[in-house]
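Worksheet: the structure to be examined is printed underneath.
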There are 2 protein chains.
Amino acid sequence: MDKGERILGAALEVFGRDGFAAAKVDEIASRAGVAKPTVYHRFGDKETLFTEALRRGAGLAHERVRAVIDAVDVRPADLRAELEVLGHALVGCVSREDGLAVSRLQISEQNRFPELVRDLRIGNRTRTIDALAGKLAQLAATGRLVLRDPSRAAQQFIALVADEVLASSEYGQRALSREEVDGPVRDGVDTFLAAFAAPAPPAGEGQPA
Amino acid sequence: MDKGERILGAALEVFGRDGFAAAKVDEIASRAGVAKPTVYHRFGDKETLFTEALRRGAGLAHERVRAVIDAVDVRPADLRAELEVLGHALVGCVSREDGLAVSRLQISEQNRFPELVRDLRIGNRTRTIDALAGKLAQLAATGRLVLRDPSRAAQQFIALVADEVLASSEYGQRALSREEVDGPVRDGVDTFLAAFAAPAPPAGEGQPA
DNA sequence: CAAGGATTGAACTCACGAGTTCAGTTTACG
DNA sequence: CGTAAACTGAACTCGTGAGTTCAATCCTTG
């Protein structure tokens, strides 16, 4: 209902698809179901509109990621399953259309909006990694993982789990089937655990290989 | 000396900095030290110029990466050192200004040039990973690594080594000092080896931790 | 050296899109 | 209710940049 939100949402879609320069304010207005002067009335000019749309998009994306990380159980019955769920959820956040738009724009418009992009990067990526590092550190504290540097491990977890999925989806061009996501995520978790899982303590079942 | 090459080089710089839509053919021409009609004489229009510039840039980048991978010694005296050298060299390829331009453009212009970007991705990324997978498989064959899926391992090696460097350089905005590259690369190799190194066979020195 | 193509600079056309204007209409709110 | 703000549609200005034109010049190659 709120027109401002609708405009920002439409702006993120159009900017995300076409980039700042090629995006047309007319299209944003009509997608938002609003007249062009309204857009200018609320946001002043195209650059401000871009800035606000990207800020909002990045904020929403960060909240989703944050919720996913906060939901990690640090005393899971099954560590591998817990990490796979986490991996899937993170990949889900990143491969949503709006999440991709935010990432794409941060990369493609960093020359036009260097301060904005730097803000978002330190405000979101850094905090995401810190949050995940905290969870991993807790898992290490209870002896499930062996970590020298939780931040580095957090960053590597994300790289392992998200990178191939992004690449094979052609950065969001192609929708992926269930298995095309499952395989890489499982393998990313495998590698992560092979590197960081604590050696099986008493007897029971350890890691596969 | 060849004007065509100079034009393509200038085009990659300018397109890489500004994106397709915002890049000005006039600037490309003047950077190449050439008159605007010459550009149109050789390449017809802006889209063709873009296509050829990106193809050429991706080709050169791929050749450099390829050379780095081909140079890997599959019977190294020191596996860790060999992989660190490889990691550094790969990061070097990826953080050159023109390499970054190629990556940025593949991401930002995939909606405008979907076929081109798909071509490059399967032509280069896939072949790069295959080449690296071959080397890793050889290392596995001689008992230095234990790999279930060499392709997956190759992709993960690249993700581990390159991801954080790219992120912390703000995708090429900021130049990195020697240590800012060394640390992440070493840690990436650490994790890779922790996951895939064969358990130390006889006695001698194994992996640190 | 002569012919043909490539190159140049400068001026040009033209489409397109940011941002504005305005007169009229809707909505919010005391 | 009544008034002020927000909103609308349509038409407008205006800068900018893709692509062209052309007459003059520069190679290149036989």
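Source: prediction; values computed, not measured. Throughout, a chain's letter reflects where its sequence line sits, starting with A, and its residues are numbered from 1.
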**Asked** Are the charged groups of B/Glu63 and B/Arg66 less than 4.0 angstrom apart, N to O?
**Response** no
**Prompt:** Considering residues at least two apart in sequence or located in another chain, which fulfil the side-chain hydrogen bond (donor to acceptor under 3.5 Å, both in side chains) criterion with B/Arg152?
**Reply:** A/Glu164, A/Asp187
**Asked** How would you label the contact of B/Ala23 with the nucleic acid (heavy atoms, under 4.0 Å): base, sugar-phosphate, or nothing?
**Response** sugar-phosphate
**Request:** For the pair A/Arg6 (side chain) and A/Val34 (backbone), establish whether a donor and an acceptor sit closer than 3.5 Å, ignoring hydrogens and angles.
**Result:** no
**Item:** Separation of D/dA18 C1' from B/Ile28 CD1 (nearest whole Å)
**Value:** 12 Å
**A/Lys24 backbone acceptor or donor facing A/Glu27 side chain under 3.5 Å** = no
**Heavy-atom donor-acceptor pair, A/Lys135 side chain to A/Asp70 backbone, under 3.5 Å** = yes
**Request:** Specify the separation, in whole Å, of atom CG of A/Leu49 and atom P of C/dG17.
**Result:** 16 Å
Filtered N/O pairs between nucleotides 19-22 of chain C and protein, under 3.5 Å:
residue	atom	partner	partner atom	Å
C/dG19	OP2	A/Tyr40	OH	3.4
C/dG19	OP2	A/Lys46	N	2.9
C/dG19	N7	A/Lys36	NZ	3.0
C/dG19	O6	A/Lys36	NZ	2.8

**Request:** Provide, to the nearest angstrom, the distance between the CZ atom belonging to A/Arg42 and the C1' atom belonging to D/dA6.
**Result:** 8 Å
**Request:** Work out how much the helix from C/dC1-D/dG30 to C/dG30-D/dC1 bends between its end axes, five pairs an end, to the nearest 10 degrees.
**Result:** 30°
Polar-atom pairs under 3.5 Å, protein N or O versus N or O of nucleotides 26-28 of chain C: list them with distances, or write none.
none

**Message:** Applying a 4.0 Å non-hydrogen cut-off, can you work out what A/Ala22 is touching in the nucleic acid: base, sugar-phosphate, or nothing?
**Reply:** nothing
**Prompt:** Separation of B/Ile7 atom CD1 from C/dT8 atom P, in whole Å?
**Reply:** 8 Å
**Item:** Nearest listed nucleotide, side chain of B/His41, among D/dT8, C/dA6, C/dT8
**Value:** C/dA6
**Message:** What I want to find out is whether B/Asp2 reaches B/Arg42 closely enough, with some N-O distance under 4.0 Å, to be called a salt bridge.
**Reply:** yes
**Message:** Taking A/Arg80 first and then A/Asp190, would you say they form a salt bridge - that is, a charged N and a carboxylate O separated by under 4.0 Å?
**Reply:** yes
**Asked** Ion pair present between B/Glu97 and B/Arg104, side-chain N to carboxylate O less than 4.0 angstrom?
**Response** yes
**Message:** Holding to ring pair (Phe, Tyr, Trp, His ring centres under 6.0 Å), I want the full list of residues that pass it with B/Phe15, two or more places apart in sequence or in another chain.
**Reply:** B/Phe20, B/Phe50
**Request:** Can you tell me which residue pairs pass the salt bridge (Lys or Arg N to Asp or Glu O under 4.0 Å) test with a partner in residues 53-62 of chain B, sequence neighbours excluded?
**Result:** B/Glu5-B/Arg56, B/Arg55-B/Asp119
**Message:** Salt bridge check, B/Glu179 against B/Arg186: does any charged N sit closer than 4.0 Å to a carboxylate O?
**Reply:** no
